[in-house]
Amino acid sequence: MRSYRIFSHLAKVLQHNSVKTSTLVGRVQIGWPLISLPVTLSFDGVEGKWGQRLKSYLQKPIQAFVPGPIMGDTSENTSKLDSQTASKQAPVSQGDSKPTERMQTLQEHLTQRTDEHNEEQSRQNTQEPSEASAACSSGQPNTKVQKTDHQEGDGASSSSEQPHKTHLFVEVADHQWPIVYSTEYNIGFLGMEKLHPFDSGKWGKVFQFLREEGMLSEATIVRPLEATEADLLVVHSSSYINSLRWSITVAGITEVPPVALLPNFVVQKKVLKPLRTQTGGTILAAKLAMERGWAINVGGGFHHCSSDRGGGFCAYADITLSIKFLLELGLIKKAMIVDLDAHQGNGHARDFMDMMDKVYIMDVYNRNIYPHDGFAKRGIRRKVELDFFTGDEEYLDKVYNHLKKALEEFEPDIIVYNAGTDCLEGDPLGALSITAEGIKNRDQIVFEFAKKERDKPIPVLMVTSGGYQRNNARIIADSILNLRQKGLIGCQAAEEHQAKRKKKTGSSGSPSSPESATTPSSGASSPTSPTSGEPRRGLLDWFKR
């Protein structure tokens with residue numbers, strides 16, 4: 001037992017420092033999460049500085065902290081140790097047949113303090129949900145959420161699910177685009193990131209391209225915060241989070257074997273922290289989408305990660321987390337995931353397999369590539385399987401027709417759009433043949449369905465997901481600029497702020513026309529046909545024709 005090793009070591013320290021021994025009953029907390037178990041510790045008289053320190057510690061329950069999980073049935077172990085402790089309630093010194101009066105008093109005091117401590121912990125645990133709910137409803141910048149009918153009846157939030165206290169919902173000014181990005185997104189350490197085909201710096205390149213085009217600036221971007229362990233535990237199991245403390249586990253998830261040789265504190269800082277920050281960005285963007293009608297996280301889209309397993313460069317289930325947060329806050333009842341990454345999105349499919357009435361998943365993917373997760377396919381309501389090297393015409397036709405049918409079958413409160421660009425022709429992993437223009441048209445189709453084809457537009461959260469070529473960042477930026485030009489996304493205050501800034505600095509740029517960017521979607525200008533240059537009022541009009 002770990003506790004015996006702890007006190008064996010402590011006994012040697014006390015003996016070395018001239019501390020005589022007798023028996024003391026206390027409790028020790030061990031393991032992760034911490035578990036309180038009864039133990040006995042022997043001592044009698046105390047001398048020197050170690051003796052004085054020991055006296056001070058005896059005024060409260062004994063605690064020792066040991067990292068790592070405890071194997072076995074802890075409840076059974078607790079009962080066994082409780083019975084052992086009960087049989088040793090009378091402390092006996094080495095030279096006396098009866099305990100001294102001083103030791104009896106000390107033991108009673110310790111037992112009383114231990115009971116008080118346990119009662120206080122129990123009381124805090126029962127009060128915690130209501131306090132968290134109050135903190136989430138008010139008192140934090142930009143986190144005030146009005147109660148709606150979603151929180152009544154058979155709404156999204158059950159009585160057992162209460163919004164937990166989080167710092168992720170930072171204050172967002174009116175002049176900021178609902179586009180989330182941080183320099184912390186980018187991964188780089190001694191060139192190891194180049195051992196994976198994924199461009200681990202593409203997120204910064206997307207921002208740079210949009211800034212060069214005059215759409216974004218440092219003042220108009222929304223910067224997210226890193227998701228904490230408490231945030232991650234809304235979806236992830238504690239055992240999975242603990243497993244990421246082993247570098248070899250992270251090496252398997254990122255598919256970069258040398259990561260296993262790095263100290264875990266380096267892995268946490270250089271690999272996992274950027275992914276946690278992107279996860280925080282997706283959660284924040286989800287709430288922004290509900291407030292502004294749309295939002296884009298320049299990163300995120302880790303669709304291979306589920307609550308208890310990661311893979312395919314996906315360590316955290318940001319899509320699942322974003323939907324869970326919205327359900328907890330009562331902002332939505334139902335959500336739709338439109339996954340157009342070239343790979344099957346097995347992570348969120350596993351997570352929502354028991355919630356298919358509330359979360360509808362449409363997944364268009366290459367059936368012949370990773371992850372081949374047959375079990376996860378059960379969680380996909382509308383799966384569209386493609387063959388190698390599918391081209392624009394077939395691809396866009398399937399996206400259009402299946403998304404149309406999906407929205408006829410299911411009316412979501414939000415669309416979470418996983419806009420992976422690994423379907424681009426030449427991608428070494430996606431193995432499809434979609435052109436850059438085809439990707440722009442694909443993104444436009446999704447936003448037009450959400451914005452123009454219904455009386456009440458559906459909020460859209462877009463994440464960028466996979467893409468394993470150096471030109472992916474340019475294509476993502478061009479697609480966002482296209483959505484802006486077509487009036488499918490816009491922010492009047494941000495456009496005005498950017499114009500004033502340029503006027504003050506006298507800087508020249510080549511942004512897209514602000515007039516076209518802020519034109520209402522009902523009057524959107526003519527996009528081109530996905531397979532020809534013929535001008536139409538919108539891609540959906542072309543498909544209808």
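Each residue takes its place number in the sequence, starting with 1. When reading the values below, keep in mind they use all heavy atoms of this one structure, side chains included, and skip hydrogens, waters and symmetry mates.
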Review point. Within 45 degrees of the axis of the six-membered ring of Phe209 and under 6.0 Å from its centre: does Arg474 put its NZ or CZ there?
Key: yes
Exercise for review: Please test Asn418 against His348 for side-chain hydrogen bond (donor to acceptor under 3.5 Å, both in side chains), starting from the C-alpha separation and ending with a verdict.
Suggested key: CA-CA 11 Å; Asn418 195 42; His348 48 66; 5.3 Å; no
Check your understanding: Salt-bridged, Glu408 to Lys404, with N to O below 4.0 Å?
Key -> yes
Point to revise | Tyr316 ring center near Phe302 ring center (under 6.0 Å) | key: no
Check your understanding: Mind checking whether Phe389 and Leu432 have side chains closer than 4.5 Å, heavy atoms only?
Key -> no
**Study point:** Donor-acceptor under 3.5 Å (His167 side chain, Glu226 main chain)
**Key:** yes
Practice item. Take His175 and Glu496 through the test side-chain contact (heavy atoms from CB on, under 4.5 Å) and record every step on the way to the result. Key: CA-CA 8 Å; His175 69 269; Glu496 293 174 353; over 6 Å; no
Check your understanding: For Gly293, does its backbone N or O pair with a side-chain atom of Lys451 as donor and acceptor, under 3.5 Å?
Key -> yes
Practice item. Evaluate the ring planes of Phe449 and Tyr400, with Trp represented by its six-membered ring, and classify them as parallel (under 30°), tilted (30 to 60°) or perpendicular (over 60°). Key: tilted
Exercise for review: Apply side-chain hydrogen bond (donor to acceptor under 3.5 Å, both in side chains) to the pair Asn297 and Thr282, showing each step before the final yes or no.
Suggested key: CA-CA 6 Å; Asn297 182 15; Thr282 301; 2.8 Å; yes
Point to revise | Residue Lys377 excluded, over 12 heavy atoms near NZ under 6.0 Å | key: yes
Check your understanding: Out of His343, His303, His304, which residue meets the side chain to side chain contact (heavy atoms under 4.5 Å, CB included) rule with Ser465?
Key -> His303
Review point. Strictly by modelled atom types, are Gln498 and Ser217 linked by a side-chain donor-acceptor pair under 3.5 Å?
Key: yes
Practice item. Verify the distance criterion only: is there a donor paired with an acceptor across the side chains of Thr228 and Asp231 at less than 3.5 Å? Key: yes
